[in-house]
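What follows is a single structure, written as structure tokens, with notes after it.
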Amino acid sequence: MGDQGEIRVRFPPSPTGYLHIGGARTAIYNWLYAQKTGGKLILRIEDTDAERSTQESIQGIVDGLRWLGITWEEGPYFQTAYAEEHREAAQRLLKSGHAYKCFCTQEELEHKREEAKRRKEDFHYDGTCRNLSSEEIAKLEAEGRPYVIRFKVPRGPGGVVFEDAVYGVIEKKYRDLEDFVIVRSNGLPLYILSNAVDDIRDRISHVIRGQDHLANTPKQVLIYEALGERLPQFAHMPLTLDPQKRKISKRAHGEVVAVQYYRQRGFLPWALVNFLVLLGWSTSDNREFFSRSELIDAFSLAGINRANSVFDIRKDDPKFFTDPKALSINAHYIRTMPLEELLPYVEAELKAAGLWDPAFAGDKRPWFASTVDLIRSRYHTTNDFADLGRAYFADDFPIDEKVLVKNILKHESLKDWLPLMAERLQSIGEFTAETVEQSIRGLAEELDIKAGILINGARAAVTGQAAGPGLFDVLAAVGKERVVQRLRAVPELFA
RNA sequence: GGUCCCAUCGUCUAGUGGUCUAGGAUAUCGGCCUCUCACGCCGAAGACACGGGUUCGAGUCCCGUUGGGACUGCCA
């Protein structure tokens, strides 16, 4: 498509807030396509909305992309740097007769719009200024009347036709298109123009973007044609909706749609990418998990779906703070990824929670690794390591009230048995899951009680929780000293 | 309102006229495993929006209806 057949795609966010799920997904598709084809991804910041664009937002978007592992070959470029080029393109369109100056005021247009609405007709600019003579134009300009520049849409039968890689042939009749504004009365070009001009300058070969741009694409096709440029390949991707089928947005949904939120809540970046890519794209073998290279290998525009998909966020669901599938994919990676790769994430979590001991990266490294490995299969986010896993890394951990009652207080004798267990364990030479099990089962037999009572009581006392890995492994992981200490303190729980 | 797009289990999806009494994943429920929870394994329940065509045959093609979405701005 490009002049040299070079594949060039772009991700052009407008920096008016954080990077959200939808934007990230668009970036991912573009990135994958570039990776897949050996092409280049260009990051272009569309900051022409001076009112809303912020430096902070630009940084947030860049950080978000980096965190996700999305790399780009060029940019960030800034749209505002090319304003002159956009104006120049408009002048060319004016000279070539593809555009004209329109002196209608906003008030006049508003009035006509209202009137059309009242008559239940749809309003299209009526072309009042379309055929002004050069004398009339000169006169109005001499009067200092402000004007916008409108694109002169061909009249008569026929229409714009282009082929979208996802949606197929799209046709829009000329009569359904009005002479749209391309330059404001203050001289600033509009998105519809700037965006096309930038894509031309950046030699974009494939425009992969949200389906929300599909309806405006015919206008851009017209601009390309009027400028004498070759069309890029368009590929519109389905939108991501909320459970009420509303387009997700920063304003309406807040943090659950922010990439940053997933980072904070303990998502692995690749798990998020894996989840997001599946929203609107799939392989014919319906695979769910992809390594980076597998994904790049499997990705294709042909696999993009046409129907919008729902991001199943659940407001106020105590069990799932976001789409259950996203969580399950994250959990899958947490329990199956190479342990070495998971460790840095856990380290970051522990540091953030103030639980990190430098020795975990030194002397205690083997212990740290095996402990993480022991508990990871039941965690869904990396936050869980510092939260649910606190008892393994700290001595101050909460004991769940219900668990305390059910597994300890209910059996009054545990007030004596658990300290007794502490003494038995204290005397063990080599403190391993096997020796610990032997000791505890032996104790249960001596006391003539079910081992489960001792086991569940010990788990509650040592971890504060009713659920967890096999107790003997837990005790071995927590270590003799701390286990003995926690078991000895059990009587205090009865106070 | 107009234009465009879309329509398979709750959700993500496979499915390109016959092998679909519709497959997978997730979520839900049950079972196995077991000291608990998770993992894992086994099983259950759960969908082709509706109506017409075309065809020997339709989830798959066509039309309509319904429903949903996007666009429709001197925002991007």
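Scope of the values below: all heavy atoms of this structure, side chains included, with no hydrogens, waters or symmetry mates. Below, chains carry the letters A, B, ... as their sequence lines are ordered, and counting in each starts from 1.
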Name of the residue among A:E46, A:R44, A:E85, A:H86 meeting side-chain hydrogen bond (donor to acceptor under 3.5 Å, both in side chains) with A:Q79 =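 Among A:E46, A:R44, A:E85, A:H86, the one meeting side-chain hydrogen bond (donor to acceptor under 3.5 Å, both in side chains) with A:Q79 is A:E46.
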
For [X], report the nucleic acid contact type (base, sugar-phosphate, nothing); a contact means any heavy atom under 4.0 Å.
| X | answer |
| --- | --- |
| A:E178 | sugar-phosphate |
| A:F320 | sugar-phosphate |
| A:N216 | base |
| A:A451 | nothing |
| A:L471 | base |
| A:L327 | nothing |

So what's B:rC37 paired with, Watson-Crick or G-U wobble, going by both distances under 3.5 Å?
->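 When the pairing criteria are applied, nothing turns out to pair with B:rC37, so the answer is none.
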
Nucleotide forming a Watson-Crick or wobble pair with B:rG67, both distances under 3.5 Å =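 When the pairing criteria are applied, B:rC6 turns out to be the nucleotide that pairs with B:rG67.
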
Side chain of [X], base of [N]: donor and acceptor closer than 3.5 Å?
| X | N | result |
| --- | --- | --- |
| A:R335 | B:rC39 | no |
| A:K325 | B:rC12 | yes |
| A:S14 | B:rA76 | no |
| A:S185 | B:rC74 | yes |

Tell me whether the OP1 or OP2 atom of [N] has a side-chain N or O from [X] closer than 4.0 Å.
| X | N | result |
| --- | --- | --- |
| A:K319 | B:rU28 | yes |
| A:R246 | B:rA70 | no |
| A:R113 | B:rG73 | yes |
| A:R184 | B:rC75 | yes |
| A:N305 | B:rA14 | yes |
| A:K173 | B:rG2 | no |
| A:S284 | B:rA14 | no |
| A:R376 | B:rA38 | no |

Expressed in whole Å, how much space separates the [atom1] atoms belonging to [N] and [M]?
| N | M | atom1 | value |
| --- | --- | --- | --- |
| B:rU72 | B:rC9 | C1' | 36 Å |
| B:rU21 | B:rU16 | P | 14 Å |
| B:rG52 | B:rA44 | P | 34 Å |
| B:rC41 | B:rA27 | P | 13 Å |
| B:rG15 | B:rC74 | C1' | 48 Å |
| B:rU55 | B:rC62 | P | 15 Å |

Choosing from [options], which nucleotide comes nearest the side chain of [X]?
| X | options | answer |
| --- | --- | --- |
| A:Y191 | B:rA76, B:rA38, B:rA70 | B:rA76 |
| A:V310 | B:rU36, B:rC12, B:rA25 | B:rC12 |
| A:R314 | B:rC12, B:rG10, B:rA70 | B:rG10 |

Verify whether the ring centers belonging to A:Y29 and A:F299 lie closer than 6.0 Å.
->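 Yes - the distance between ring centres of A:Y29 and A:F299 falls below the 6.0 Å cut-off.
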
Contact nearer the 5' end of RNA chain B, comparing A:T48 with A:Y379 =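 Taking each residue's closest nucleotide, the earlier one in sequence belongs to A:Y379.
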
A:R441 vs A:L278, nearer the 5' end of RNA chain B by closest nucleotide =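 It is A:L278, whose closest nucleotide lies nearer the 5' terminus.
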
Contacts to RNA chain B from residues 99-106 of chain A, heavy-atom cutoff under 4.0 Å, which residues?
->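 By residue number: A:C104, A:Q106.
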
Does A:R265 count as lying over the ring of A:F267, i.e. NZ or CZ under 6.0 Å from the six-ring centre, within 45 degrees of the axis?
->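 No, A:R265 does not sit over the ring of A:F267.
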
